[in-house]
A.B. asks: 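I'd like to ask you about the structure that follows.
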Number of protein chains: 2
Amino acid sequence: MLKAADQVLFDQGIRATPVDALLQQAEVSAATLYTHFGSKDALIAEALRVRLADWQGVWDQHIVAADNDMARLLAVFDALASYRRDKGHPSRWCAFLAAATELPAAAEEISAVLAADTDLLATRLLHFSRPLAGPRAQELADEVLLAYSGTLTAFLRGYPNAPIDVGRRLAHLAAKACRQPG
Amino acid sequence: MLKAADQVLFDQGIRATPVDALLQQAEVSAATLYTHFGSKDALIAEALRVRLADWQGVWDQHIVAADNDMARLLAVFDALASYRRDKGHPSRWCAFLAAATELPAAAEEISAVLAADTDLLATRLLHFSRPLAGPRAQELADEVLLAYSGTLTAFLRGYPNAPIDVGRRLAHLAAKACRQPG
DNA sequence: GTCTATAAGCGGATAGAC
DNA sequence: GTCTATCCGCTTATAGAC
């Protein structure tokens, strides 16, 4: 059920997907969904929570595998590539940003996950920016987050090609600039 | 009517806004909307076309005002700041990207405007990248487009603060790097 | 717990008068 | 061309049997 929801909701669109489509995909019946989750919104929230946990796990692996400060900062781009590659059904772009756009008056339960995603990004990128940029760590973290968000949005836009490479390049430049001010 | 549509659709959300809300905002009646536009989708498409034309005009002004190659490339960020400042009701982020997310199976009329926006960005940024980056112009244009998209998405994410400054900084770095390879 | 069938409400669109 | 009133379909959610 959750797997089906993740696949269809974030590929076809959250609001564009009627509950019936989820039921059909999961091969269960309406009553089952509503006894387990209570509402479509609650199902969305749960699917987002699962997704955030999965994504964090993939990112963790790439951080552990990185062997220097620069690689740890840029691991977020490698993790994104892995996450999308390993997932059978890659979402159209970013499920969290899609939810923010499609559900502007989302239930607290939903917006909390979006905030958690942004917070995870901001916190980790700042952490990994410190050894590279010292006092300019916040500046660097902001730049990398922007490059990362730009990469995600490039999937939605369909342009440019190979957005992960472009975003990674941008982040790399930003990191080098903070080491060599001017 | 179009002004009301632009304000409400792209601030409250396209799908989240019922036709009734647009009618109330514009102080007209349902029949009026449907005789003039034919459908909600057609109204959305027209609002997007108007918005693209306005945006292009603002960008034009900032290009003309720029007095060197670097300023012309970065004018897109100044134009974005102007556009949002001068608009009474700034949209939540980018109307075109919002439409792409909210209407995944959009009518051709709508997706054409999105394609036109991306095309305008890609074409102009490549044009202004040439004098700065020469053979690496495409590379630079991709990077600036990514930084620009990241800036827009930062409005949706609510983070980082001052996204236009961050995006502009990234684009500037990318341009400098193309002038000084390595 | 899961199914079938159905209720309740909303949103987009239209009919017909003026 | 605009309004009032209304229709129709879709979507979410529930009731009641098994």
Side-chain angles (χ1 to χ4, degrees), chain A residues 1-50 91-92 95 98-113, chain B residues 1-51 91-92 95 98-114:
Chain A
M1 179 81 248
L2 277 169
K3 190 182 165 199
D6 184 275
Q7 286 177 5
V8 181
L9 283 176
F10 307 134
D11 175 52
Q12 316 276 349
I14 300 171
R15 291 190 84 129
T17 302
V19 172
D20 283 12
L22 299 175
L23 300 176
Q24 196 168 355
Q25 179 75 15
E27 293 179 332
V28 296
S29 202
T32 306
L33 188 161
Y34 285 97
T35 46
H36 279 278
F37 298 97
S39 71
K40 184 185 176 183
D41 274 11
L43 172 60
I44 295 168
E46 187 58 26
L48 287 171
R49 278 190 290 265
V50 170
S91 56
R92 225 148 51 96
T101 303
E102 298 194 54
L103 310 169
E108 174 57 26
E109 197 184 12
I110 291 179
S111 49
V113 189
Chain B
M1 180 79 248
L2 276 169
K3 191 181 163 198
D6 184 275
Q7 286 177 4
V8 181
L9 284 176
F10 306 135
D11 175 51
Q12 317 276 348
I14 300 172
R15 291 191 85 127
T17 303
V19 172
D20 283 12
L22 298 175
L23 301 175
Q24 196 168 356
Q25 178 75 16
E27 292 179 333
V28 297
S29 201
T32 306
L33 188 161
Y34 285 98
T35 47
H36 279 277
F37 298 97
S39 70
K40 184 185 176 183
D41 274 11
L43 172 60
I44 294 168
E46 187 59 26
L48 286 171
R49 279 190 290 266
V50 170
R51 184 170 263 257
S91 56
R92 225 147 52 97
T101 303
E102 298 194 54
L103 310 169
E108 175 57 28
E109 196 183 13
I110 291 179
S111 49
V113 189
L114 313 185

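Within every chain, numbering begins at 1; the chains are lettered A, B, ... in the order of the sequence lines, protein sequences first and strands thereafter. In this text the structure is predicted, and so the values were computed from the model without any measurement. The figures that follow rest on heavy atoms only: side chains count, while hydrogens, waters and symmetry mates do not.
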A.B. asks: Of all the heavy-atom pairs spanning B/Arg92 and A/Ala100, show the shortest one and how long it is.
C.D. replies: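 The answer is NH2-O, 2.8 Å.
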A.B. asks: Could you tell me whether B/Asp20 contacts a base, only the sugar-phosphate backbone, or nothing, with contacts defined as non-hydrogen atoms closer than 4.0 Å?
C.D. replies: nothing
A.B. asks: Run the side-chain contact (heavy atoms from CB on, under 4.5 Å) check on A/Met1 and A/Leu22 step by step: do they pass?
C.D. replies: CA-CA 8 Å; A/Met1 179 81 248; A/Leu22 299 175; 4.2 Å; yes
A.B. asks: Find the distance B/Leu22:CG to C/dG12:C1' and express it as a whole number of Å.
C.D. replies: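 Taking CG of B/Leu22 and C1' of C/dG12, I get 12 Å after rounding.
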A.B. asks: Nearest-nucleotide wise, let me know which of A/Ala16 and A/Gly38 is further upstream toward the 5' end of DNA chain D.
C.D. replies: A/Ala16
A.B. asks: From the set C/dA13, C/dA15, D/dT12, return the single nucleotide nearest to any side-chain atom of A/Pro18.
C.D. replies: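 Comparing C/dA13, C/dA15, D/dT12 against the side chain of A/Pro18, the answer is D/dT12.
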A.B. asks: With sequence neighbours left out, write down each residue that passes side chain to side chain donor-acceptor pair (under 3.5 Å) with B/Glu102, or none if nothing qualifies.
C.D. replies: none
A.B. asks: What is the distance from CG of B/Leu23 to P of C/dG11, rounded to the nearest Å?
C.D. replies: 12 Å
A.B. asks: Has B/Arg49 got a side-chain atom pairing as donor or acceptor with B/Val113's backbone, closer than 3.5 angstrom?
C.D. replies: no
A.B. asks: Quick check on contacts: within residues 1-15 of chain B, what sits under 4.0 Å from DNA chain D by heavy-atom distance?
C.D. replies: none
A.B. asks: Atom CG of B/Leu103 and atom C1' of C/dG12: how far apart are they, to the nearest Å?
C.D. replies: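 From B/Leu103 CG to C/dG12 C1': 14 Å.
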A.B. asks: In whole angstrom, give the distance that lies between atom NE2 of B/His36 and atom C1' of C/dA13.
C.D. replies: 16 Å
A.B. asks: Between D/dT14 and A/Tyr34, is there an OP1 or OP2 to side-chain N/O distance shorter than 4.0 Å?
C.D. replies: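 No, outside the criterion.
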A.B. asks: In whole angstrom, give the distance that lies between atom CG of A/Leu43 and atom C1' of D/dT11.
C.D. replies: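 A/Leu43 atom CG is separated from D/dT11 atom C1' by 15 Å.
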A.B. asks: What's the CD-P distance between A/Gln24 and D/dT12, to the nearest Å?
C.D. replies: 14 Å
A.B. asks: So which nucleotide from D/dT12, C/dC3, C/dT2 ends up closest to the side chain of A/Val19?
C.D. replies: D/dT12
A.B. asks: Within the structure shown, what part of the strands sits under 4.0 Å from A/Thr32 by heavy-atom distance: base, sugar-phosphate, or nothing?
C.D. replies: sugar-phosphate
A.B. asks: Between atom CD in B/Glu102 and atom C1' in C/dG11, what is the gap in whole Å?
C.D. replies: 15 Å
A.B. asks: Where do B/Val50 and B/Asp6 land on the side-chain contact (heavy atoms from CB on, under 4.5 Å) test, with the steps shown first?
C.D. replies: CA-CA 9 Å; B/Val50 170; B/Asp6 184 275; 5.9 Å; no
A.B. asks: Checking side-chain contact (heavy atoms from CB on, under 4.5 Å) for the pair B/Glu46/B/Leu2: CA distance, chi angles, key distance, verdict?
C.D. replies: CA-CA 8 Å; B/Glu46 187 59 26; B/Leu2 276 169; 3.7 Å; yes
A.B. asks: Measure the CG-OG distance between A/Leu9 and A/Ser91 for me, rounded to the nearest 0.5 Å.
C.D. replies: 11.0 Å
A.B. asks: Mind calculating the distance between NZ (A/Lys40) and C1' (D/dT14) to the nearest angstrom?
C.D. replies: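 Going from NZ in A/Lys40 over to C1' in D/dT14 covers 18 Å.
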